[in-house]
Amino acid sequence: SCRCSMLLCKEKEPEQLPDDLVQLRQMKEEELARIFHLERSNREILDALQAGEDADLRQAIDDNEATILTKNSRIAEIDSWIQQIVTAKASLCIPAREHVTIAEDFPDGLSL
């Protein structure tokens, strides 16, 4: 079931990212941590390849690079979704704030 407003549901990615900002930021951190480990693994593999070429190790680097690209795309999706949520929440708050500001701006004793 969808807990978000209709505006957000229409914009949401097919993967159904959560609409909780804390969860989204945790997901992003997890993806960043995985990328960090994949990049470290690639550096270690490249060091091993200095000793001699190995097709399996070379394939592992290619696989890791493809996974890193996928994870970077996922992070971009998460960032975009976070931005949509923040923007939608901000736009829901603005009218209330403007209304209060306008009401306070009336001079004392003004009659309509």
Side-chain angles (χ1 to χ4, degrees):
S1 70
C2 187
R3 295 180 290 116
C4 57
S5 70
M6 288 302 293
L7 171 70
L8 293 178
C9 288
K10 288 179 192 167
E11 302 275 342
K12 190 174 265 194
E13 296 292 332
E15 292 87 0
Q16 293 298 303
L17 289 168
D19 51 340
D20 178 72
L21 292 173
V22 173
Q23 262 186 293
L24 287 165
R25 290 183 179 122
Q26 286 172 341
M27 288 173 67
K28 180 178 175 178
E29 287 302 315
E30 289 166 10
E31 296 292 357
L32 288 168
R34 290 183 186 111
I35 289 171
F36 174 81
H37 291 296
L38 288 165
E39 288 174 340
R40 185 180 63 197
S41 176
N42 276 0
R43 285 192 300 273
E44 291 169 358
I45 293 169
L46 285 170
D47 286 345
L49 287 172
Q50 299 285 331
E53 192 56 41
D54 181 291
D56 290 337
L57 289 179
R58 190 63 66 183
Q59 183 61 50
I61 289 175
D62 291 343
D63 292 346
N64 286 351
E65 290 294 336
T67 303
I68 289 168
L69 285 174
T70 302
K71 294 199 171 298
N72 279 323
S73 294
R74 184 68 167 165
I75 288 169
E77 288 172 16
I78 292 168
D79 283 341
S80 172
W81 186 229
I82 287 172
Q83 191 58 49
Q84 288 178 44
I85 292 170
V86 169
T87 302
K89 284 184 177 182
S91 69
L92 291 174
C93 296
I94 289 169
R97 277 196 231 114
E98 282 178 354
H99 180 71
V100 169
T101 304
I102 291 167
E104 290 171 356
D105 285 345
F106 283 118
D108 287 337
L110 180 70
S111 59
L112 299 174

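The structure presented is a predicted model; accordingly, all values stated were derived computationally and were not measured.
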Q: For a side chain to side chain contact (heavy atoms under 4.5 Å, CB included) check, start with the C-alpha distance between Asp54 and Ile45, then their side-chain angles and the critical distance, and finish with the verdict.
A: CA-CA 10 Å; Asp54 181 291; Ile45 293 169; over 6 Å; no
Q: Could you tell me which non-hydrogen atom of Trp81 sits nearest to which non-hydrogen atom of Asp19, and how far apart they are?
A: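 That would be NE1-CA, 4.0 Å.
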Q: Do other residues, nucleotides or ligands put more than 12 heavy atoms under 6.0 Å from Lys28 NZ?
A: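 Incorrect, the count does not exceed 12.
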Q: Do His37 and Arg34 meet the criterion of a side-chain donor-acceptor pair at a distance under 3.5 Å?
A: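 There is no such pair between these side chains.
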Q: To the nearest 0.5 Å, what is the distance between CZ (Arg58) and CG (Leu46)?
A: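 Going from the CZ atom of Arg58 to the CG atom of Leu46 covers 6.5 Å.
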Q: What closest approach, in Å, do Ser41 and Asn64 show between heavy atoms, and which atom pair accounts for it?
A: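 For Ser41 and Asn64, the tightest heavy-atom pair comes out as OG-ND2, 3.6 Å.
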Q: How many angstroms lie between atom CD of Glu44 and atom CG of Leu57, to the nearest 0.5 angstrom?
A: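 Taking CD in Glu44 and CG in Leu57, the distance rounds to 11.5 Å.
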Q: Is it true that Ile35 and Met27 fall in one hydrophobic cluster, defined by side-chain heavy atoms closer than 4.5 Å?
A: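 Looking at the clustering, Met27 is in a separate group from Ile35.
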Q: Does some side-chain heavy atom of Leu17 sit less than 4.5 Å from a side-chain heavy atom of Arg74?
A: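 They are in side-chain contact.
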Q: Just by distance, no angles: are the side chains of Asp79 and Gln83 close enough, under 3.5 Å, to form a donor-acceptor pair?
A: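 Judged by distance alone, the side chains do not pair up.
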Q: Just how far is it from atom CG of Leu32 to atom CG of Asn72, taken to the nearest 0.5 Å?
A: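 The CG atom of Asn72 is 8.0 Å from CG of Leu32, to the nearest 0.5 Å.
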Q: Using 0.5 Å steps for rounding, measure from the CD1 atom of Ile82 to the OG1 atom of Thr87.
A: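 So the CD1 of Ile82 and the OG1 of Thr87 are separated by 11.5 Å.
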Q: Taking atom CD1 of Ile78 and atom CG of Leu21, what is their separation to the nearest 0.5 Å?
A: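 Those atoms lie 12.0 Å apart.
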Q: So among Glu39, Glu31, Glu77, which one has a salt bridge (Lys or Arg N to Asp or Glu O under 4.0 Å) with Lys71?
A: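 Answer to the salt bridge (Lys or Arg N to Asp or Glu O under 4.0 Å) test with Lys71 among Glu39, Glu31, Glu77: Glu31.
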Q: Do Ile75 and Glu29 have side chains that get closer than 4.5 Å, going by heavy atoms?
A: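 The answer is no; the side chains never approach within 4.5 Å.
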